[in-house]
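Only one structure is covered here, and it is reproduced in the block below.
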Amino acid sequence: MTQTARGSVEMPSGTTEQSPAFESIDPRTGEIVGRHPIHDAAEVGARVTAAREAQAEWAELGFAGRRQRLDAWRKLLAKRLDELAGVVCAETGKPLDDARLELMLVVDHLHWAASNAEKVLRRRKVSAGIVMANQTATVEYLPFGVIGVIGPWNYPAFTPMGSIAYALAAGNAVVFKPSELTPGVGQWLAESFAEAVPEHPVFQLVTGFGETGAALCAAGVDKVAFTGSTATGKRVMASCAENLVPVLVECGGKDALIVDADADLAAAADAAVWGAMSNAGQTCIGVERVYVVDAVADRFLEMVAERAGKLRPGGEPGANFGPITMPSQVDIIRGHIDDALSRGGRAVVGGEHSVRPPFVEPVVLTDVPEDSTAITEETFGPTIVVQRVRDADEGVARANDSRYGLGASVFSRARGVELARQLRTGMVAVNSVIAFAGVPSLPFGGVGDSGFGRIHGADGLREFTRPQSVTRLRYRMPLNPMSFARAKGTVRRLVRLVRLVRGR
């Protein structure tokens with residue numbers, strides 16, 4: 001996919017030096033669309049140092065000052081959205097409108113983070129309680145300092161911006177390492193920030209492969225936000241543990257959709273196909289499993305098959321979705337299809353012949369054993385497994401029988417919220433799919449092998465801060481238990497007071 005070469009690379013300081021480089025390639029055509037430096041540990045360390053030097057002044061701007069500058073960046077992004085969309089398309093192969101949709105969400109999330117940071121993070125008073133009634137108690141959320149962000153390739157702008165925008169709004173500097181498959185998107189984001197906010201170089205970029213990401217984890221950053229596979233997430237955690245660097249880890253999913261007997265079947269089928277096939281299925285919160293109540297299963301499966309059968313992948317503008325961006329994923333997709341079919345599953349749409357690298361045509365499977373890799377492992381392709389269940393409660397039980405727990409969906413007129421609350425996931429959409437990712441005020445993240453920590457919303461802002469609690473003496477208590485000079489019986493009297501007031 002990528003080739004390494006020696007090339008002359010322009011460095012941020014304006015000086016030119018010989019540096020190893022790699023090529024970014026359009027997965028639709030194999031065309032080289034960019035060349036980027038492979039930053040080593042020394043170069044990564046220099047970027048972290050530069051970010052740290054700039055962060056103090058950025059923090060001193062306060063919420064209003066940062067909002068002004070982030071708003072300038074947002075307006076630039078909105079104005080040049082199609083320019084960035086072209087870079088996203090070139091490096092991922094996704095259709096232009098899919099890239100535009102991704103970037104509209106980027107703009108909306110950036111607006112929310114900048115607009116709400118002060119309300120969420122500013123210093124506020126809290127109750128001091130009875131025993132410490134003579135104290136004024138406050139809590140505020142202060143920036144960590146420098147955040148290392150390691151981004152994915154499937155949504156190369158939207159996903160990392162869920163960390164970048166919120167970290168910057170909270171007063172941090174950011175060093176961003178994009179996926180080696182989408183370095184041009186990372187470069188465009190960093191350069192556009194520098195254009196909009198030239199006086200504050202708090203958004204630094206490093207590019208390269210796994211070694212560059214490992215160097216970032218060890219470069220003295222104050223926190224790392226990672227999005228990627230569970231296996232890589234564990235390696236990031238292990239590296240960060242060496243220096244007790246906290247981490248936010250958002251890994252994969254095997255998201256389920258529950259279809260109850262009273263569901264709007266047409267809407268559920270449409271949502272299932274979109275959730276499974278959009279972006280060629282390369283969506284961590286995409287629909288990979290459907291559990292449909294037996295009473296409506298035949299009709300639902302017909303509707304899914306009808307919709308999925310009309311979709312076509314390709315590199316041309318009219319294609320419904322693009323290629324598999326990472327070539328190695330094709331073998332995983334093929335393996336899951338083969339395992340399902342060899343163990344008694346049926347292909348209602350497509351099958352083994354649907355895999356035509358770099359494209360995969362839609363595949364709809366059913367009657368698949370629950371221990372098949374098509375059920376248990378993340379496929380990350382335009383496939384969907386539709387399984388019959390006795391009732392929605394059995395569907396919930398099967399959905400929860402997974403080591404992943406990122407997102408889920410429920411289609412039910414009467415029990416949607418009830419069923420959603422039973423699902424062991426970080427997010428649930430009722431009578432829609434993936435909607436929660438587009439709501440800036442909602443936290444986004446998972447449980448189990450899907451990771452931990454949250455981006456987006458108030459929780460996402462706090463994720464990039466350290467809470468600081470402060471007490472200030474208002475007046476001296478006549479009964480002071482926190483002194484060796486306290487009068488005899490002081491604690492006994494306070495115990496009586498606590499029992500009187502709090503023991504009711």
Side-chain angles (χ1 to χ4, degrees), residues 52-68 70 112-147 163 166-173 202 220-225 240-241 243-248 421 426 440-445 447 452-504:
R52 192 171 301 284
E53 290 173 351
Q55 186 270 330
E57 187 175 342
W58 178 252
E60 288 173 1
L61 288 173
F63 295 108
R66 292 195 295 273
R67 179 178 180 177
Q68 179 185 1
L70 291 175
W112 194 94
S115 300
N116 287 274
E118 182 171 12
K119 179 175 66 175
V120 173
L121 305 176
R122 67 188 175 193
R123 185 172 59 210
R124 69 178 191 274
K125 280 188 175 183
V126 296
S127 172
I130 294 177
V131 178
M132 293 295 164
N134 65 326
Q135 300 282 342
T136 295
T138 62
V139 61
E140 68 177 313
Y141 296 86
L142 304 174
F144 273 108
V146 179
I147 307 296
S163 297
Y166 290 75
L168 289 171
N172 299 281
V202 288
V221 294
D222 299 293
K223 187 166 187 173
V224 170
C240 290
N243 297 301
L244 289 181
V245 176
V247 295
L248 182 161
R421 296 186 72 246
S441 56
L442 284 177
F444 182 102
V447 298
F452 53 86
R454 294 295 182 267
I455 57 174
H456 304 171
D459 295 82
L461 284 167
R462 294 191 187 103
E463 193 75 47
F464 298 105
T465 62
R466 54 181 182 86
Q468 185 179 65
S469 304
V470 176
T471 58
R472 180 175 58 82
L473 184 69
R474 295 167 55 206
Y475 57 85
R476 299 199 175 276
M477 293 272 280
L479 298 175
N480 180 15
M482 301 178 68
S483 169
F484 286 112
R486 68 192 179 201
K488 187 176 181 181
T490 293
V491 173
R492 187 170 63 252
R493 291 187 180 93
L494 286 173
V495 168
R496 290 174 184 167
L497 176 62
V498 170
R499 284 174 174 165
L500 177 66
V501 177
R502 296 289 189 245
R504 299 175 183 177

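Just so you know, residue 1 is the first one in the sequence shown, and it goes up from there. On a predicted model such as this, the values are computed, not experimentally measured, just so you know.
Minimum interatomic distance between V224 and C240 (heavy atoms only, all atoms of both residues): CG2-SG, 3.7 Å. Shortest non-hydrogen contact noted between L500 and R504 is O-NE, 3.0 Å. Nearest heavy atom pair, residue S163 against residue A225, reads OG-CB, 3.5 Å. Between A170 and T465, the closest heavy-atom pair is CB-CG2, 3.7 Å. Across all non-hydrogen atoms, the minimal contact from L168 to A173 is CD2-CA, 4.5 Å. In this structure, R123 and E140 approach most closely via the heavy-atom pair CA-CB, 3.4 Å.
Formation of a donor-acceptor pair under 3.5 Å by the Q135 side chain with backbone atoms of L473 is found in this model. R66 places a side-chain N or O within donor-acceptor distance of the main-chain N or O of A59, the cut-off being under 3.5 Å. No side-chain donor-acceptor contact under 3.5 Å links N172 to the backbone of V146. For the pair E463 (side chain) and R454 (backbone), a donor-acceptor distance under 3.5 Å is present. Side-chain atoms of Q55 come within 3.5 Å of backbone N or O of G171 as a donor-acceptor pair. Of the possible donor and acceptor atoms, none in the side chain of W112 sits under 3.5 Å from a partner among the backbone N and O of H456. Of the possible donor and acceptor atoms, one in the side chain of N134 sits under 3.5 Å from a partner among the backbone N and O of Y475.
Residues V247 and F452 form a side-chain contact, since some pair of their non-hydrogen atoms from C-beta on lies under 4.5 Å apart. Counting heavy atoms from C-beta on, the side chains of P246 and F144 come closer than 4.5 Å.
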Residues F63, L121; criterion side chain to side chain contact (heavy atoms under 4.5 Å, CB included); working and verdict: CA-CA 9 Å; F63 295 108; L121 305 176; 3.8 Å; yes
Side chain to side chain contact (heavy atoms under 4.5 Å, CB included) between D222 and R52, worked out: CA-CA 10 Å; D222 299 293; R52 192 171 301 284; 3.0 Å; yes
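Every residue was checked against the side chain to side chain donor-acceptor pair (under 3.5 Å) condition with R462, not counting sequence neighbours, and none meets it.
Rounding to the nearest 0.5 angstrom, the gap separating the CD1 atom in I455 from the OH atom in Y166 is 8.0 Å. The CZ atom of R124 sits 10.0 Å away from the OG1 atom of T138 when rounded to the nearest 0.5 Å. Separating the CG atom in L494 from the CG atom in N480 is a distance of 9.0 Å, to the nearest 0.5 Å. A distance of 12.0 Å separates CD of E118 from CG of L461, quoted to the nearest 0.5 Å. Here the CG atom belonging to L479 is positioned 11.5 Å from the CZ atom belonging to R486, to the nearest 0.5 angstrom. The distance from the CE atom of M132 to the CE atom of M482 is 4.0 Å, given to the nearest 0.5 Å.
In the displayed structure, E57 atom CD is contacted under 6.0 Å by at most 12 heavy atoms of other residues, nucleotides or ligands.
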